[in-house]
Amino acid sequence: MGRTLDNAMLNVGLKDVARDGLSDLGFRVEDVINQEHDAALGNGGLGRLAACFLDSMATLNYPAWGYGLRYRYGIFKQEIVNGYQVEIPDYWLDNNPWEFPRHEITVDIQFYGNVKKYQDENGRISHSWEDGEIVQAVAYDVPIPGYGTKTTNNLRLWSSKASSGEFDFQKFNAGDYESAVADQQRAETISAVLYPNDNLERGKELRLKQQYFWCAASLFDIVRRFKKTKRAWGEFPDQIAIQLNDTHPTLAIVELQRILIDKEGLEWDEAWSIVTKTFGYTNHTVLPEALEKWSVPLMQNLLPRHLQIIYEINLFFLQSVEKRFPNDRDILSRVSIIEESHPKMVRMAYLAIIGSHKVNGVAELHSDLLKTTLFKDFVKIYGPDRFTNVTNGITPRRWLHQANPRLSALIAEKLGSYDFLKDLTLLDKIEAFVDDKAFREEWAVIKRENKLRLAKHIKATTGFDVNPNALFDVQVKRIHEYKRQQLNIFGVIHRYLSIKAMSAEEKKKVVPRVSIFGGKAAPGYWMAKTIIHLINKVADVVNKDPEIGDLLKVIFIADYNVSKAEIICPASDISEHISTAGTEGSGTSNMKFVLNGGLIIGTCDGANIEITREIGEQNIFLFGNLAEDVEDLRHRHFYGDFKLDPQLERVFDAIKDNVFGDKADFSALISSIEEHGDYYLVSDDFNSYITTHEMVDEAFQNQEEWLVKSIASVARMGFFSMDRVTNEYADSIWNVEPLDVKD
Ligand code: 8GP
């Protein structure tokens, strides 16, 4: 979520009042805003997308709730020590004024135990999940004010707590202090910490506990509210839509089925029809290592009744598939929810598809890839209509108005109002001013001031001075091999070596650059940490090299988070969205950078493709192999058809000559490319990448042309408003309309 104060003041229209009031008390509103700790309850784009949803749903007056876990520790804080990432716990809850504890709203959540089968006098079989252990979920509510509306929605976060103190007291009184405390600690562990992986799943029991705890508490809440209306169960899907933000809450499908058949006494088929009409599933990645699978024995132990229901869902599903495709034996094992491995695994994405009425990807290419690769069989089974695309977006309130108030004000001045914050397509009207020299000058001044603001931050946090006239080249996002920060830093080394080889005369023609990196590596992701280490080592060498001076600076901004993104996005000239084609679901920072007047260099991947379509090919720097060629290239590498790019070879030679410290520190990074198949096609794309950067340099030298590109791009970004996204989900998946809210 990032910080709340500024966003809340802007959304409810009280920032000026607060500024005046604080100034009477001798404070600057900016200083107060900067005191706030980020709410960092997610890992990257997936979590921030959910935060943009909340803002947009409230702004558009949709009657919506968000559900999540109230982690005591959010994503870790990152420090860089001797070039290495060090993780520090993020205790963010001290002085958090934005939550309302609702101690009266608690739900008992059951784990472990066993299932008993009963038969009544009519021969009807029922199941009961008994014994085990109970943990309490306590609600904490976070208000989500919409922009320019009276609507304030609710984000309900669940905190875990040992169930009623009674049992503990007995132990306590009996002198069994240790175990009384241990029970309590075990319960509190469930919501203690966010798993810090982005695009990676690890199958730990505590994680499954978190998922079920979250789903069960949230569904109990939803069902309780529905039951108060006294409507028939058949109306449930008309009243309620639940969107699964990736597969992490997929157990909610099973939990709703369990409630309906075990607790409410509905027949299986009637219950299942309600369930599938209620849920929608958004997939955010095609990376195989990110697809969730849970071991059957683990689930059997923790959630025995749920596993039974999953087997039942699977049985009915496979029976229907067999009927439809009687001659296709393989399809059954391919689409089964249960993978016949050792141990057997529950494939959560398949369960999510089977339990939902709509499945969507997050950008056109990504949704197409889902249909043609990962979920191909399901398209055959359910037909293409179950699968759809909703390209991601961002909230312009935070990512333009709040992050870049001066640009927002300039646009408002030209358009005559701030209405574009509610209808971003109105931005297209600023294109009319593109030939207005004074307007372009104002636009340039704002970018410069934003760069100065970032330069100040860099000076304060790293000690390095950067030249605000240099081209600011930014790559900030989670560190991952598929996002290819290694390609970027190899490109920087190439630039460094090239400058060093230049004559004084040649150097005069170089466009000065500041290469800015930021992002966290998952603590257990060694290769990602190696990339961070290399970036910092290159920075050490380049920034102190007197032959280089202002021509190149390399900066690693530690602890990249939402509030830093709000300073960084408005300050970039060019940003890098350079994933191997076909690997990035959508990307959303690409949209944030363009909306703030930065150009981008990118591959034909994720939403870059649609950004290009909207803003025009002349306004973006595309490079690299296409998604359709990736498989073939990998195949060829595998069979030894691989020739290292000669310019990349020169970069590797420098690393191997210990120019950036001990070469051994980086040998795995190099050998993954030289010897192990270059899975992410760094070498294949290197030449195209550096020649495209040369085009960037050239374009930057013509500042007037650059400004035209910048203004035209912003003008054409209306499509990427989160409000368009929310309306598409509401319309095509949830079947819900906004409420009429009077001012
Ligand atoms: C991310 C995608 O990587 C990113 O391209 C996209 O913009 C973002 O979701 C929002 O849609 N996906 C994930 O973080 C992700 O899939 N995580 C896996 C654990 C499920």
Side-chain angles (χ1 to χ4, degrees), residues 40-54 56 75 194-204 207-208 210-211 243-250 280-294 347-349 351-352 359-367 369-370 374-375 388-395 399 475-485 519-522 525 528 562 565 575-594 600 602-611 627 680 720 722 725-726 728-729:
L41 303 180
N43 271 291
L46 187 151
R48 183 55 235 180
L49 186 79
C52 286
F53 255 121
L54 292 174
S56 179
I75 187 68
L194 167 78
Y195 278 90
N197 301 323
D198 181 76
N199 272 294
L200 178 77
E201 284 305 324
R202 274 284 157 83
K204 290 265 201 293
R207 168 93 176 152
L208 187 60
Q210 290 185 334
Q211 293 188 350
Q243 191 66 28
L244 304 175
N245 194 25
D246 217 273
T247 56
H248 317 139
T250 302
Y281 158 47
T282 306
N283 171 287
H284 294 265
T285 185
V286 294
L287 295 190
E289 66 269 31
L291 296 181
E292 279 192 297
K293 288 176 187 175
W294 288 106
R347 296 154 158 167
M348 300 307 271
L351 178 55
V359 177
N360 74 284
V362 289
E364 274 177 24
L365 173 69
H366 170 63
S367 299
L369 286 172
L370 286 179
L374 226 50
F375 301 154
T388 184
N389 170 250
V390 187
T391 299
N392 282 167
I394 56 175
T395 167
W399 295 109
Q475 188 178 17
V476 285
K477 49 184 87 228
R478 286 299 290 253
I479 311 291
H480 205 297
E481 285 165 281
Y482 89 81
K483 293 178 188 280
R484 297 201 296 190
Q485 284 90 354
K520 294 175 186 178
Y525 189 175
V562 171
S575 62
E576 310 232 359
H577 309 276
I578 59 176
S579 48
T580 312
T583 61
E584 188 71 276
S586 155
T588 42
S589 75
N590 42 7
M591 303 165 192
K592 293 165 195 168
F593 281 103
V594 178
I600 63 183
T603 43
C604 294
D605 201 16
N608 290 354
I609 297 170
E610 288 148 88
I611 292 176
Y680 296 101
F720 299 99
M722 197 65 200
V725 180
T726 302
E728 278 185 28
Y729 275 85

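The structure displayed is predicted, hence computed values, not measured ones. Both ligands and their constituent atoms are indexed starting at 1 by order of listing.
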Those atoms of ligand 1 less than 4.0 Å from some heavy atom in [X]:
| X | answer |
| --- | --- |
| D198 | 14 (O) |
| G45 | 8 (C), 10 (C) |
| Y482 | 3 (O) |
| N392 | 7 (O), 10 (C), 11 (O) |
| V362 | 11 (O) |

For [atom], grab the closest protein heavy atom and report residue, atom and distance to one decimal in Å.
| atom | value |
| --- | --- |
| atom 16 (O) of ligand 1 | T285 CG2, 3.1 Å |
| atom 4 (C) of ligand 1 | E584 OE1, 3.4 Å |
| atom 6 (C) of ligand 1 | G587 N, 3.7 Å |
| atom 11 (O) of ligand 1 | H284 ND1, 2.6 Å |

Got a second to check how far [X]'s [atom1] is from [Y]'s [atom2], nearest 0.5 Å?
| X | Y | atom1 | atom2 | result |
| --- | --- | --- | --- | --- |
| K293 | E201 | NZ | CD | 12.0 Å |
| S575 | I600 | OG | CD1 | 5.5 Å |
| T282 | D246 | OG1 | CG | 8.0 Å |
| Y281 | F375 | OH | CZ | 4.0 Å |
| R484 | T583 | CZ | OG1 | 7.5 Å |
| I394 | M591 | CD1 | CE | 7.0 Å |

Taking only non-hydrogen atoms of [X], do any sit less than 4.0 angstrom from ligand 1?
| X | answer |
| --- | --- |
| G606 | no |
| H248 | yes |
| Y195 | no |
| R48 | no |

Side chain, backbone, both or neither: which part of [X] has a heavy atom under 4.0 Å from ligand 1?
| X | answer |
| --- | --- |
| E292 | neither |
| N199 | both |
| D246 | side chain |
| L287 | neither |

Any sub-3.5 Å donor-acceptor pair from [X]'s side-chain atoms to [Y]'s backbone N or O?
| X | Y | answer |
| --- | --- | --- |
| E364 | N389 | no |
| T580 | Y680 | yes |
| R48 | V562 | no |
| N608 | G606 | no |
| H480 | A521 | no |
| T726 | M722 | yes |

Kindly confirm or rule out an N or O of [X] lying under 3.5 angstrom from an N or O of ligand 1.
| X | answer |
| --- | --- |
| G585 | yes |
| E201 | no |
| K483 | no |

